[in-house]
Participant: 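The following block contains the structure, expressed as structure tokens.
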Amino acid sequence: MKFASSYEPNQYEADIYGAWEAAGIFDPKITTKPVDDDGDGIDDRIEDGLENNTFETVRDNEIEQFDETEAIAESEGVRSAAAREVAPAAHGDGPAGRAPKIGDSSVSKTFSIVMPPPNANGNLHIGHGLTVALEDSLTRYYRLRGASSWYIPGADHAGFETWVVYERNLEAQGHTRFEFDRDELYARVWNFVAEQRGNMELQLRALGASCSWDDLTFTLDENVIDRVYTTFEKMWNDGLIYRGEKLVNFCPKHQTAFADIEVEHKDEKGTLWDIEYKLSDEPENNTFETVRDNGSGMSEEPRDDGRDEASRESVISSSLVVSTTRPETLFGDAAVAVNPNDERYKDLIGKHVKLPLTNRTIPIIADEHADPEYGTGAVKITPAHDHDDFEVGERHNLPRLQVISEDGHMINVPEEYNGLTTTECRKKVLKDLKDQGLLVGEKKIVHSVAHCYKCGTVLEPMLKKQWFVDVEKLAKTAIEHLENNEIKFHPASKKKVLINYLKGLKDWNISRQIPWGIAIPMFHQVGVEETSENVHSRPSATNEERGSEVSPVTTAVGAEQAESLLSASRRRPADDLWSTGRDERVENESFLTSNRLATDEPDWIFDRRTNLKEIEKAGVKYVRDEDTFDTWFSSSHWPIVCTNWTEENFNPYYPLNVMETGADILFAWVARMLMMGLYVTGEVPFKEVYLHGLVLDAHGQKMSKSKGNVINPMDLVTKYGSDAFRLGILRGRSAGMNQAFSEQSVISGRNLCNKLWNISRLIQSLIDENADGKAETIIESEGVRSAAAREVAPAAHGDGPAGRAPKIDNSSAYTTDYMGEDWICRELNNCLSQLEDDMKNYRFSEAVETLYQTIWDKYADWFLESQKIYKNIPLLKQTLETLLIALHPFAPFVTEAIWQNLSWTNGFIATAKWPARLKYDPISAEEFENIRNIVSEVRGTLQALPGTNNAKKYGLLFNNDSLIQDNQMLIKVLTKVPTINNLDGAPRGLRLALANHELYLDVPEKVVTEYKDALTERILAVGRELDALNLRMSNPNYVERAPAHLVKETQDQIAEKEQLISRLKTQQSLI
RNA sequence: GGGUGAUUAGCUCAGUUGGCUAGAGCGCUUCCUUUACACGGAAGAGGUCGGGGGUUCGAGCCCCUCAUCACCCACCA
């Protein structure tokens, strides 16, 4: 006996995965690596795969099968059951005469999907578990459907994440990063990663991911770097890359900048201080009043006229009070801004104030940024240390004075403050201001503060020269393609969200000051100091503003210079902008009309030789930029690099069929892949996007280490098996939603696997016992398989060494001899149709639910129970194969384990052919519902009777009912009653409430009497249902306006209920 | 401030273009150790679909409104 009494996943999973991998069944059938034996310059495998052989062969078979089976179907009057069997996607559900489609338009010839690369040296977490369950189910499903399926695995160097871990190690050993240069550090981290690597690959295998391992892409692979450099160069030439001096989000701990999207904002308590700035020149209007703190915190809202002295404390003075949470930055102030519409300060605009603690004077300017409602309405402007102030500075041409260094110390400040940390300096500034009587107010506030998402350090807005991507055109193009519905989103709402994001997208800082990453391939001319004169900073304006804006104003670039640079940009040739390799879908025109300023930096050159610190070109020496790329810059090429897309060759796997990833990186990743895909290839990189939500704990809480509620997927796999985990995590989950997950759902998955195992065990044992069972038609075939195997093998395991499926006429592989057999065929066909529909629409949870129900409630509970009597061996084989294949995408291991243990199957189920529709007699199938009703009624009544284990006590009596007569044995087995007989005289016992069958439970009168209450209750319940139906029919509008079939249905139901009530009443009167 | 989603059984969720007597899993109750499975079988209880309006013959579904919760983006001197 091959089948143990329960399924033990640990005994099978590793071996099965090993066998799959050894057999190479995860490789796509056609490859993107060129093979050109016939020397015609075209990849032979593409020629084969797409034009003649691979797929057409399959289709020819289908057409032949269709011709044969259609005739049979028609002669039997079974509408399209047989036709459906060869037209899996057609579902046969149109109007009666509609011709089924040949082939399957809903399944393309190739299916490609890339894995969001897990951290190369990390472990998989629950989110990866979900990702694999989703992606692998899709891959396996489309592989079974006959598509050349390519699931491309990846590994992420995880730039910043890994660097943080490594730097922590380094520090633990008493070193700092500054002891080494970038190349040394890179090599060290490389080795560090190499040592740790491999875990996650093993874990992906344990989860059953059917990915093509030979094609694993590491984010630092040479081809990735090559492609990234190619894109960067193209962007540089297209003027999409510029060197800008801007305020960037800088982590003083990790000494690197971040993109806006990487910043984590947290609400924190802080203090808002009011500081008095003295006017430096005597104001003409002496009546100006300084709004002062009223002693109880922040100042009250001043009155508009500002002259009602009785209402508040105010003084007439020659000063202005500003509010700030960062007093230490006052040394970097360039102005004080007031709102132009603020009557209180109108007269002060253009005047100057003297900065406290120093001798500088700064102007008072008018800017909308100052909110009259907030604080005193006057705000200090520190362009070098605040994002908003930076923009104000841009608008007013203010100098940017940096007073905080990258490591968080004060610079360019009076001697006594110089070198202090920002915290120390803040203390001292506050004390000194207080001593001078200039600190005039203090208020506790809650405000949002930017933090490093890794170490939690408060980020310092830092003025830095960095490489930026001008995203305007990229975003605009992406929006166009989105609005053109070229990508279908699941959930659909995310498309709108993405468009909104792209509309407001600001230029993208791609420079990172960490060594672990792809080096930026830019070199700076030796001896030419990079000053602000040759740095082109762009205002961080919105896209709308930017469209018309010509000249970004910096402190140093004068109007004259800007003009000359602008004309340089107009001269720039744009022939190769947006070139796409093979089709020109993106117009260059819009780009040419752009007014953007050229990035005409003669002192910077592009060069790929980033392994060299210094290079020479045309006799000029250049030195390497030491920064690396933001990882999202390279990750945005993921669909391109994973599929080996090139400008030269047609690639059947690009665009990807679907991009599956977490909804939380819609902006960071999906948006960027879309922009980059369009820019590089001219095509959207994927046709559909499926976004999954967060996996929460059982109580709907976010998993986190600090809460201690983290679920490790591998623990569950070890405990319950990979399939159980996959089934469990897919259940009750829908696209884009954060949803709870608990071990319980995995247990229920485990139970299903065990159920299926035991179903197979029963069938195998029936086969073993019935070697001489039903007459079986042996179909002659190529002799690849045993006769017994062939006869029932429409689900052809087509990928033997010969590479083609044995041709099998499955129309004669089995017959349906009794109505339960027709019924299960019908149910299985429905299951397949629903499954196909669910998969097409990415409704994984529903797909799994459908399978549960079919396997458990229908196949096991009704069909298999009935087969304990009928034993239709060919049909048992056929239907089991159907179920196994249908479940395989979700539970690959147990289905394969069973497949390998069954006596008649060959090959791998993983490469089997998707099951054909089963042939059956629909009238007979429908009739089986009568049996189910009878059995249910008997069971229900028995349970309602007083006493226990009634089934063993009372027999059944029927009155000349042919259906019951013919199915005595079956009814007896299903209801477990001891006897079933034709009534031999006057009716006796308890008449069952069946509308069309006269059936009695042979119980003593005493029991009948005790049952009376239950009966009365039942009559009332049915009566209520009847009333509701009658009410509906009594509404003339309903009869008039509702569709006829609904009205008819209601009438039928009324008739049925009336009949039922009359039976029940008869029964009652007998008591 | 802008946006998105959610609110259906004790819990976690389905409910696809409005047409059933609103479903599933888990949990719960009762019965059953029958040789595929106790990781099982059978039966059952449990919901005025967040509140209030409206449209319709008919609303969990469409419209308006209110409430609560969650998330995202921007801003917070």
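Order of the sequence lines fixes the chain letters, A, B, ..., with proteins taken first and strands second; residue numbering starts at 1 for each chain.
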Participant: Can you tell me the pairing partner of B:U7 across any strand shown, Watson-Crick or G-U wobble, with both distances under 3.5 angstrom?
Facilitator: B:A67

Participant: Do A:T850 and A:Q834 have side-chain N/O donor and acceptor atoms under 3.5 Å apart?
Facilitator: yes

Participant: Is any side-chain N or O of A:K952 closer than 4.0 Å to OP1 or OP2 of B:C32?
Facilitator: no

Participant: With rounding to whole Å, what would you report as the distance between B:C39 and B:C26 at their P atoms?
Facilitator: 13 Å

Participant: With a 4.0 Å cut-off on heavy atoms, is A:D861 in touch with a base, just the backbone sugar-phosphate, or nothing at all?
Facilitator: sugar-phosphate

Participant: Within 45 degrees of the ring normal and closer than 6.0 Å to the centroid, is that where the cationic atom of A:R731 sits relative to A:F844?
Facilitator: no

Participant: When you check the gap from the basic side-chain N to the acidic O, do A:R395 and A:D367 get nearer than 4.0 Å?
Facilitator: yes

Participant: How is A:K1057 classified with respect to the nucleic acid when contacts are heavy atoms under 4.0 Å: base, sugar-phosphate, or nothing?
Facilitator: base

Participant: Can you tell me the Watson-Crick or wobble partner of B:A59, both distances under 3.5 angstrom?
Facilitator: none

Participant: Any base atoms under 4.0 Å from A:P491, or only sugar-phosphate, or nothing? Heavy atoms, all strands.
Facilitator: nothing

Participant: Any strand is fair game: report the nucleotide pairing with B:G1 by Watson-Crick or G-U wobble, both distances under 3.5 Å, or none.
Facilitator: B:C73

Participant: The side chain of A:N500 lies closest to which of these nucleotides: B:C73, B:C37, B:G3?
Facilitator: B:G3

Participant: For RNA chain B, whose closest nucleotide is more 5', that of A:H699 or that of A:D386?
Facilitator: A:H699

Participant: To the nearest Å, give me how far apart CG (A:D837) and P (B:G15) are.
Facilitator: 13 Å

Participant: Is any N or O donor-acceptor pair between the side chain of A:R731 and the base of B:U12 shorter than 3.5 Å?
Facilitator: no

Participant: Using atom CZ of A:R1032 as one end and atom C1' of B:U56 as the other, report the distance to the nearest whole Å.
Facilitator: 15 Å

Participant: Using the side-chain heavy atoms of A:R750, tell me which of these nucleotides is nearest: B:U16, B:C39, B:C26.
Facilitator: B:C39

Participant: In this structure, how many angstroms lie between the C1' atom of B:C72 and the NZ atom of A:K266, rounded?
Facilitator: 17 Å

Participant: How far apart are the closest heavy atoms of A:P461 and A:H387, and which atoms are they?
Facilitator: CB-CE1, 3.7 Å

Participant: Please check: side-chain N/O of A:Q853 versus main-chain N/O of A:D857, any donor-acceptor pairing under 3.5 Å?
Facilitator: no

Participant: What interatomic distance, in whole Å, is found between C1' of B:C32 and the corresponding atom of B:A14?
Facilitator: 31 Å

Participant: Looking at every strand, decide which applies to A:Y852 at a 4.0 Å heavy-atom threshold: base, sugar-phosphate, or nothing.
Facilitator: nothing

Participant: Under 4.0 Å from OP1 or OP2 of B:C13: is there any side-chain N or O of A:R733 that close?
Facilitator: no

Participant: Pick base, sugar-phosphate or nothing for A:K496, based on heavy-atom distances below 4.0 Å to the nucleic acid.
Facilitator: sugar-phosphate

Participant: For A:H490 and B:G5, what is the distance between atoms NE2 and P respectively, to the nearest whole Å?
Facilitator: 16 Å

Participant: Parallel under 30°, tilted from 30 to 60°, perpendicular over 60°: which one fits the rings of A:Y842 and A:H490?
Facilitator: tilted

Participant: With the side chain of A:E849 defined as its heavy atoms from C-beta on, choose the nearest nucleotide among B:A24, B:A36, B:C39.
Facilitator: B:A24

Participant: Let's test this: given Watson-Crick or G-U wobble pairing with both distances under 3.5 Å, identify the partner of B:A42.
Facilitator: B:U30

Participant: From CD of A:E1056 over to C1' of B:C20, roughly how many Å is that when rounded to an integer?
Facilitator: 12 Å

Participant: Using atom P of each nucleotide, how far apart are B:G44 and B:A24 to the nearest Å?
Facilitator: 12 Å

Participant: Whole-Å distance between B:U34 C1' and A:L864 CG?
Facilitator: 16 Å

Participant: Once you apply the 3.5 Å cut-off to both distances, tell me the Watson-Crick or G-U wobble partner of B:C49, or none.
Facilitator: none

Participant: For the C1' atoms, the ones on B:G10 and on B:C28, what distance do you get once it is rounded to whole angstrom?
Facilitator: 8 Å

Participant: Reading RNA chain B from 5' onward, which residue's closest nucleotide shows up sooner: A:K702 or A:A860?
Facilitator: A:A860

Participant: Quick one: look up who B:G18 pairs with, Watson-Crick or G-U, both distances under 3.5 Å, and put none if it's unpaired.
Facilitator: none

Participant: A:W856 near the nucleic acid: base, sugar-phosphate alone, or nothing, with a heavy-atom cut-off under 4.0 Å?
Facilitator: sugar-phosphate

Participant: Once you apply a heavy-atom cut-off of 4.0 Å, does A:Q739 come out as touching a base, just sugar-phosphate, or nothing?
Facilitator: sugar-phosphate

Participant: State which of B:C26, B:A43, B:A42 makes the closest approach to the side chain of A:S748.
Facilitator: B:C26

Participant: Nearest to the side chain of A:N751, heavy atoms from C-beta on, is which of B:A36, B:A74, B:G40?
Facilitator: B:G40

Participant: Looking only at the side chain of A:A740 (C-beta and beyond, no hydrogens), which of the listed nucleotides B:A14, B:A36, B:U12 gets closest?
Facilitator: B:U12

Participant: For A:S734, report the nucleic acid contact type (base, sugar-phosphate, nothing); a contact means any heavy atom under 4.0 Å.
Facilitator: sugar-phosphate

Participant: Picking from B:C39, B:U34, B:A6, which would you name as closest to the side chain of A:K976?
Facilitator: B:U34

Participant: Pick the P atom in B:C11 and in B:U16, then give their distance to the nearest Å.
Facilitator: 23 Å

Participant: NA contact type, A:E743, heavy-atom cut-off 4.0 Å: base, sugar-phosphate, or nothing?
Facilitator: nothing

Participant: Which nucleotide in the set B:C31, B:C75, B:A14 lies at the smallest distance from any side-chain heavy atom of A:Q943?
Facilitator: B:C31

Participant: Where do A:Y859 and A:T854 land on the side-chain hydrogen bond (donor to acceptor under 3.5 Å, both in side chains) test, with the steps shown first?
Facilitator: CA-CA 6 Å; A:Y859 195 77; A:T854 306; over 6 Å; no

Participant: With a 3.5 Å limit on both atom pairs, tell me what B:C13 is paired to, counting Watson-Crick and G-U wobble, or say none.
Facilitator: B:G23

Participant: Please give me the minimum heavy-atom distance between A:A740 and A:D697, naming the atom from each residue.
Facilitator: CB-O, 3.2 Å

Participant: Could you tell me how far B:G50 sits from B:G3 if I compare only their C1' atoms? Round to whole Å.
Facilitator: 22 Å

Participant: Relative to each other, are the rings of A:Y852 and A:W856 parallel, tilted or perpendicular (30° and 60° limits)?
Facilitator: parallel

Participant: Determine the interatomic distance between P on B:C71 and the same-named atom on B:C13; round to the nearest Å.
Facilitator: 14 Å

Participant: What about A:E865: does its side chain form a donor-acceptor pair under 3.5 Å with the base of B:A36?
Facilitator: yes

Participant: B:C39, OP1 or OP2 - any side-chain N/O from A:Q744 closer than 4.0 Å?
Facilitator: no

Participant: Which one, B:A24, B:A36, B:C72, comes nearest to the side chain of A:Q853?
Facilitator: B:A24

Participant: Which value, in whole Å, describes the distance between the C1' atoms of nucleotides B:G15 and B:A59?
Facilitator: 14 Å

Participant: So if I take every side-chain heavy atom of A:Y1038 and compare against B:G19, B:A14, B:C75, which nucleotide ends up nearest?
Facilitator: B:G19

Participant: Within the structure shown, what part of the strands sits under 4.0 Å from A:K755 by heavy-atom distance: base, sugar-phosphate, or nothing?
Facilitator: base

Participant: Between P on B:A43 and CG on A:D857, what's the gap in Å once rounded to a whole number?
Facilitator: 10 Å

Participant: Could you tell me whether A:R326 sits above the aromatic face of A:W273, with NZ or CZ closer than 6.0 angstrom to the six-membered ring centre and within 45 degrees of the axis?
Facilitator: no

Participant: How many Å lie between OH on A:Y501 and C1' on B:U4, as a whole number?
Facilitator: 16 Å

Participant: Looking only at side-chain N and O atoms, does A:N754 come under 4.0 Å of OP1 or OP2 in B:G40?
Facilitator: no

Participant: What does A:R939 touch in the nucleic acid at a heavy-atom separation under 4.0 angstrom: a base, only the sugar-phosphate, or nothing?
Facilitator: sugar-phosphate

Participant: Just call it for A:K868: base, sugar-phosphate, or nothing, with non-hydrogen atoms closer than 4.0 Å on any strand.
Facilitator: base

